[in-house]
Amino acid sequence: MAGLELLSDQGYRVDGRRAGELRKIQARMGVFAQADGSAYIEQGNTKALAVVYGPHEGMGQGWTQGSQLKGARGRHMQDRERKTGGFVLEIRGSRARALPDRALVNCQYSSATFSTGERKRRPHGDRKSCEMGLQLRQTFEAAILTQLHPRSQIDIYVQVLQADGGTYAACVNAATLAVLDAGIPMRDFVCACSAGFVDGTALADLSHVEEAAGGPQLALALLPASGQIALLEMDARLHEDHLERVLEAAAQAARDVHTLLDRVVRQHVREASILLGD
């Protein structure tokens, strides 16, 4: 990345955007009829798919492949795997962790082998996937009204089909639409975006090229109506004099994402109403 100018003298980035400008976002809800909720999103060239099952009877952890289960339950899970193209491969086996006062939120993250230029197959449950799954769980525990569904479980599965920067944000935004599609009550939308700091300027919605440059970066998940931060992560040092500017750039970008996602939800509701004849 040596010699690459991330921000021109005129204030334009490598891909032609201004500092606070989002990449193009396209999204759809209800992409899997067999799931309780599902969504697909494109943020620039980053593409993510989210599927939600639940709330259902809480079963905690202890994972086993559906194809290994015996009897009717095993046949049901094999059928689910076929219907979703193998996207959901696993279900819970132990009931030990069902919570008496709220729903357990379970998040699983994976990335397709072809999602990056590096054709390296990552084993299921590798460190990156586990960390991303934990971040997603923390994010949605702050937004879902889990107390309305005690002794139950909500499963959120997210897969990145193409990675070109802002992976966490795309996963959160796709999962938000999928949770809404499932009809699960939330305090608010959860909208996420990344931000960085280059040549004294805060940049919103980083691409892969900008992330690979190695400057200070943060990822923010925001509940727009209240301004509550569901998750904030920074992966490099940044002087406190600049932190507020970068944080505001990420927050404003997240609010812009909320406007776009709200439009997608309203369009989906209109289309569903037409299909139902209302």
Side-chain angles (χ1 to χ4, degrees), residues 1-29 39-50 111-112 114-119 132 158-177 189-222 224 232-239 241-267:
M1 307 304 294
L4 180 63
E5 186 180 47
L6 297 179
L7 192 66
S8 71
D9 295 337
Q10 293 75 33
Y12 290 100
R13 297 155 70 174
V14 175
D15 54 9
R17 290 181 291 150
R18 290 286 187 177
E21 188 177 349
L22 294 174
R23 293 173 293 175
K24 183 178 180 180
I25 296 179
Q26 300 181 80
R28 300 195 308 273
M29 298 172 67
Y40 170 78
I41 196 167
E42 295 182 5
Q43 292 189 223
N45 292 323
T46 298
K47 304 175 182 181
L49 180 67
S111 59
F114 51 82
S115 63
T116 64
E118 181 186 10
R119 294 297 187 265
M132 183 70 80
V158 184
Q159 185 171 48
V160 171
L161 304 178
Q162 185 169 314
D164 187 38
T167 299
Y168 166 76
C171 290
V172 169
N173 297 331
T176 293
L177 293 177
F189 281 69
V190 190
C191 302
C193 198
S194 59
F197 192 72
V198 174
D199 296 334
T201 303
L203 305 181
D205 193 14
L206 302 180
S207 66
H208 172 69
V209 171
E210 292 166 334
E211 288 182 349
Q217 303 166 23
L218 64 79
L220 171 72
L222 185 73
L232 175 63
E233 182 186 39
M234 178 171 288
D235 61 2
R237 289 186 176 184
L238 178 65
H239 195 281
D241 292 345
H242 307 311
L243 177 60
E244 185 175 350
R245 293 162 57 192
V246 178
L247 187 57
E248 178 53 34
Q252 181 57 53
R255 289 190 286 268
D256 293 341
V257 169
H258 170 248
T259 301
L260 296 170
L261 297 190
D262 182 68
R263 193 177 304 159
V264 171
V265 172
R266 292 177 184 274
Q267 179 63 29

Tell me whether [X] contacts the main-chain N or O of [Y] through its side chain, where contact means a donor paired with an acceptor under 3.5 Å.
X: Gln217; Y: Glu211; result: yes
X: Thr46; Y: Asp164; result: yes
X: Ser111; Y: Val160; result: no
X: Arg13; Y: Arg18; result: yes
X: Ser207; Y: Gly165; result: no

Find the distance between [atom1] ([X]) and [atom2] ([Y]) and round it off to the nearest 0.5 Å.
X: Leu260; Y: Ile25; atom1: CG; atom2: CD1; value: 5.0 Å
X: Met29; Y: Gln267; atom1: CE; atom2: CD; value: 11.5 Å
X: Leu218; Y: Leu238; atom1: CG; atom2: CG; value: 7.5 Å
X: His239; Y: Phe197; atom1: NE2; atom2: CZ; value: 10.5 Å
X: Gln252; Y: Leu22; atom1: CD; atom2: CG; value: 9.0 Å
X: Glu5; Y: Asp199; atom1: CD; atom2: CG; value: 8.0 Å

Restricting to non-hydrogen atoms, name the atom on [X] and the atom on [Y] that form the minimum distance, rounded to 0.1 Å.
X: Ile41; Y: Ala170; value: CG2-O, 3.6 Å
X: Ala253; Y: Ala204; value: CB-CB, 3.8 Å
X: Ala174; Y: Ala39; value: O-CB, 3.5 Å
X: Val190; Y: Ala221; value: CG1-CB, 4.1 Å
X: Ala250; Y: Cys193; value: O-CB, 4.1 Å
X: Ala202; Y: Val246; value: CB-CA, 4.0 Å

Could you please spell out the steps behind the side chain to side chain contact (heavy atoms under 4.5 Å, CB included) verdict for Val172 and Val158? CA-CA 9 Å; Val172 169; Val158 184; over 6 Å; no
Is it possible for you to check whether Arg17 lies under 6.0 Å from the centre of the six-membered ring of Tyr12, through NZ or CZ, and within 45° of that ring's axis?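 Verdict for Tyr12: no cation-pi partner in Arg17.
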Could you point out which residue of Asp205, Asn45, Asp15 forms a side-chain hydrogen bond (donor to acceptor under 3.5 Å, both in side chains) with Arg23?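 So, applying the side-chain hydrogen bond (donor to acceptor under 3.5 Å, both in side chains) to Arg23 and each of Asp205, Asn45, Asp15, only Asp205 qualifies.
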Arg245 vs His242, test: side chain to side chain contact (heavy atoms under 4.5 Å, CB included). Steps then yes/no. CA-CA 6 Å; Arg245 293 162 57 192; His242 307 311; 3.6 Å; yes
Check whether any side-chain heavy atom of Asn173 sits under 4.5 Å from a side-chain heavy atom of Gln43, and report yes or no.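 Result yes, sub-4.5 Å side-chain heavy-atom pair found.
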Stepwise, does the side chain to side chain contact (heavy atoms under 4.5 Å, CB included) test hold for Leu247 with Leu232? CA-CA 9 Å; Leu247 187 57; Leu232 175 63; 3.9 Å; yes
CA sep, side-chain torsions, deciding dist, call: Met234, Leu243, side chain to side chain contact (heavy atoms under 4.5 Å, CB included): CA-CA 10 Å; Met234 178 171 288; Leu243 177 60; 3.5 Å; yes
So, are Glu248 and Arg255 salt-bridged, with charged N and O less than 4.0 Å apart?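 Judged by the 4.0 Å cut-off on N to carboxylate O distance, Glu248 and Arg255 do form a salt bridge.
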Parallel, tilted or perpendicular, judged at 30° and 60°: which one describes the rings of His258 and Phe189?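 Rings of His258 and Phe189: perpendicular, as their planes differ by over 60°.
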